[in-house]
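Just so we're on the same page: letters track the sequence lines, and every chain starts at 1. Scope of the values below: all heavy atoms of this structure, side chains included, with no hydrogens, waters or symmetry mates.
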Amino acid sequence: MLVSSAELYKRAGIDRVETAIVNMEQNGFKLDVDFCNRSRVDAEEQEAVTLERLNDWLVDAGFPRDINWASPLQVAKLLHDDMGMPPSPVWKKGRVNLAKGERKLDEAALGWIRNRSEPSVRFGLDELVRLRRIRGAIKYLGKLPGYVAPDGLVHSVAGPASDADQRAGTITWRLAAKNPEVMQIPTDIKKDWFRVRKAFIAPMGHTLLVADEKALEVVILGHLLVRLFDDHQLADMVAPGAPDIHSTNARLVFGKFLRWERHGRCVDQFPVEYFQSDDYPELQRLRQAIKEVWYGLMYGKSAYGFATSLRDDRDNPIGEEAASKIVAALFDAVPGVPRYQSFVLDYIQQHHGIPGLGGAWCDLRELTQSGDQWLLKKAHRVAQNYPMQNGGAVIIGRAMADCYEDKWLWDQGLRLERQVHDEFNWRVPETADLAGVKARIRQHMTSYPLTAPLQVTIGQGANWDEAGNA
DNA sequence: CGATCACGG
DNA sequence: ACGCCGTGATCG
């Protein structure tokens, strides 16, 4: 059935979302400029100390001290040609083609080298990682204050919109943000030593609300499995009150199916809660590993990729055989996943595209009709991902418009500052009916009719860091 | 201006 | 060419 573009436009509520986006851009957000400046000074001091340590390290090893640590070429020459360290066969995204002379020095590659190094070399590699982390924070602390407009607020630019006006947008209907890129502000506590999100503060008399859709793309897949195959397993796994899905998967995969042992007994002997407990780091690592496999599979990754992206304790890739066993076990644990993969492949070979939730059509003809098996595989990966990524964008877009058009919320003073794919950041006056506002937000964010229920967590605080972790 | 690296989802 | 979608700083 063919649907007119006007009908698609209406179904997706694009005009409603656009209006809410424009309002978000106008709202802007308050930046703690003093915090940025203080932290930047602190970070630059640490940068200088780290640089000095790196230079001393070079001199001690008998090399000239003026190398540019931001240059992969110069660092590669130093580590591999001058110091004789073996180049890493792995990096964050997988294999390194050493036969072709390819070299990688991202953090994953440096970690591999580090684990095969003398203590003196480790010192230098650790300092290099440190330097990159510090500079990563300085990037934001230094530039963010420059975006404060005459009204005292920062107005990041959002999409989607045409390329012509230089605004941001995506083929999946997700938003993007630029000038500044507020969607990329560090959040990982292990990486973000300067807590840049603390600079995103509520204006005077306001508080910040951070509302997050829980495992949005997994819920959408659960919905699709019910609709396509009447398979309720995944929907049940993400239902309210169900245990954490990645813990359940780790227990099933490594315990029930692979019979691995940790802390002296088979993994399936542990209660599912232990997989998130700091007292059981071995179980936490299994949970983290299966979480990576889960999301990788959702986006079309295979055992070939997991063979290098999954590492043992010494950073050695686990290899394709071990990866295949883990993937097979996860398929056994959640059969809807391989079933969905096969369905999508059949579908794109028949229809040369894949639909999204809002009636969007992802055209894959160029990939599926080329006769090239590699391009067909590429199409398969895109097609697996598209319903989830586009579905998430549709759901969050509708919630965004519903919240914006809600007169009661507007009168309470609720104003959207940011949208980050599955998360909203609002400011609201401290005098507002906060419990009522949160309840209404929760209602709008869970109203999309899916067969697997949406769930929302809402945090509150004086800044993005606090509110996001509350 | 393409490649590398890093950040988010 | 074996993980999807993005923005941006920096190097050569």
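As rounded to whole Å, 13 Å separates atom P of B:dA6 from atom CH2 of A:Trp193. Atom P of nucleotide B:dA6 and atom CG of A:Asp192 are separated by 15 Å, given to the nearest angstrom. Between A:Asn390 atom CG and C:dC5 atom P the separation is 13 Å, expressed in whole Å. Between the CG atom of A:Leu131 and the P atom of B:dA6 there is a distance of 11 Å, rounded to whole Å. If you measure from atom CG of A:Asn68 to atom C1' of B:dC5, you get 13 Å, rounded to the nearest angstrom. Atom C1' of nucleotide B:dC7 and atom CZ of A:Phe194 are separated by 16 Å, given to the nearest angstrom. Taking atom CD1 of residue A:Ile348 and atom P of nucleotide C:dC4, one finds them 13 Å apart after rounding to whole Å. Atoms NZ (A:Lys377) and C1' (C:dC4) sit 17 Å apart, rounded to a whole Å.
Taking A:Phe254 as the reference, A:Trp260 meet the ring pair (Phe, Tyr, Trp, His ring centres under 6.0 Å) condition, with sequence neighbours excluded. Applying the ring pair (Phe, Tyr, Trp, His ring centres under 6.0 Å) rule to A:Phe200 yields the partners A:Phe29, A:Trp464; only residues at least two apart in sequence or on another chain are considered. Legend: residues meeting side-chain contact (heavy atoms from CB on, under 4.5 Å) with A:Ala99, ordered by chain and number and at least two apart, are A:Asn97. Residues passing the salt bridge (charged side-chain N to carboxylate O under 4.0 Å, His left out) test with A:Arg53, sequence neighbours excluded: A:Glu127. Partners of A:Tyr386 according to the ring pair (Phe, Tyr, Trp, His ring centres under 6.0 Å) rule, which considers only residues two or more places apart in sequence or in another chain, do not exist here. The ring pair (Phe, Tyr, Trp, His ring centres under 6.0 Å) search around A:Phe331 returns none, not counting sequence neighbours. For A:Tyr299, the side-chain contact (heavy atoms from CB on, under 4.5 Å) criterion is met by A:Glu217, A:Tyr295, A:Asn385, not counting sequence neighbours.
Contact annotation: A:Lys92 side-chain N/O to C:dG3 OP1/OP2 distance is not under 4.0 Å. One finds no side-chain N or O of A:Ser71 lying less than 4.0 angstrom from the OP1 or OP2 phosphate oxygen of C:dT10. Considering only side-chain N and O atoms, A:Lys378 lies nowhere under 4.0 angstrom from the phosphate OP1 or OP2 of C:dG3. Put simply, A:Asn179 has a side-chain N or O that comes within less than 4.0 Å of OP1 or OP2 on C:dG8. Contact annotation: A:Arg381 side-chain N/O to C:dC4 OP1/OP2 distance is under 4.0 Å.
Among all heavy-atom pairs drawn from A:Asn68 and A:Gln74, the shortest one is N-OE1, 2.9 Å.
Residues from residues 181-190 of chain A lying near DNA chain C, meaning a heavy-atom separation below 4.0 Å, are A:Glu181, A:Gln184 in numerical order. Taking a 4.0 Å limit (strictly below) on heavy-atom distances, residues 93-112 of chain A reaches DNA chain B at A:Lys104, A:Leu105, A:Asp106, A:Glu107. Applying a 4.0 Å cut-off to non-hydrogen atoms, the residues of residues 296-312 of chain A that approach DNA chain C are A:Tyr299, A:Gly300, A:Lys301, A:Ser302, A:Tyr304, A:Gly305, listed by residue number.
Around NZ of A:Lys377, the count of heavy atoms belonging to other residues, nucleotides or ligands within 6.0 Å does not exceed 12.
Considering only side-chain atoms of A:Asn385, the nucleotide from C:dG8, C:dC4, C:dT7 that sits closest is C:dC4. Closest approach to the A:Trp91 side chain among B:dG8, B:dC5, C:dA1 is made by B:dC5 (side chain taken as heavy atoms from C-beta onward). In the set C:dG3, C:dA1, B:dT4, C:dG3 carries the atom at the smallest distance from any side-chain atom of A:Tyr295. Comparing B:dG9, B:dC5, C:dG12 by their closest approach to the side chain of A:Arg132 singles out B:dC5. When the nucleotides C:dA1, C:dT10, C:dG12 are ranked by their closest atom to the side chain of A:Ala70, C:dT10 comes out on top.
Partner of A:Glu107 under the side chain to side chain donor-acceptor pair (under 3.5 Å) criterion, chosen from A:Arg114, A:Lys191, A:Arg133: A:Arg133. Results of the side chain to side chain contact (heavy atoms under 4.5 Å, CB included) test with A:Leu144 over A:Leu31, A:Val182, A:Val33 single out A:Leu31 as the only residue that passes.
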Quiz: residues 316-330 of chain A side-chain donor-acceptor pairs under 3.5 angstrom, not counting sequence neighbours:
from, atom 1, to, atom 2, distance (Å)
A:Asn316, OD1, A:Arg116, NH2, 2.3
A:Ser324, OG, A:Glu320, O, 2.7

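Among pairs with a residue in residues 329-349 of chain A, none fulfils salt bridge (Lys or Arg N to Asp or Glu O under 4.0 Å), at least two apart in sequence or across chains.
B:dC5 and C:dC2: their P atoms are spaced 16 Å apart (whole Å).
When heavy atoms are screened at a 4.0 angstrom cut-off, A:Asp372 is found touching base atoms of the nucleic acid. Using a 4.0 Å heavy-atom cutoff across all strands shown, A:Gln384 reaches no nucleic acid atom at all.
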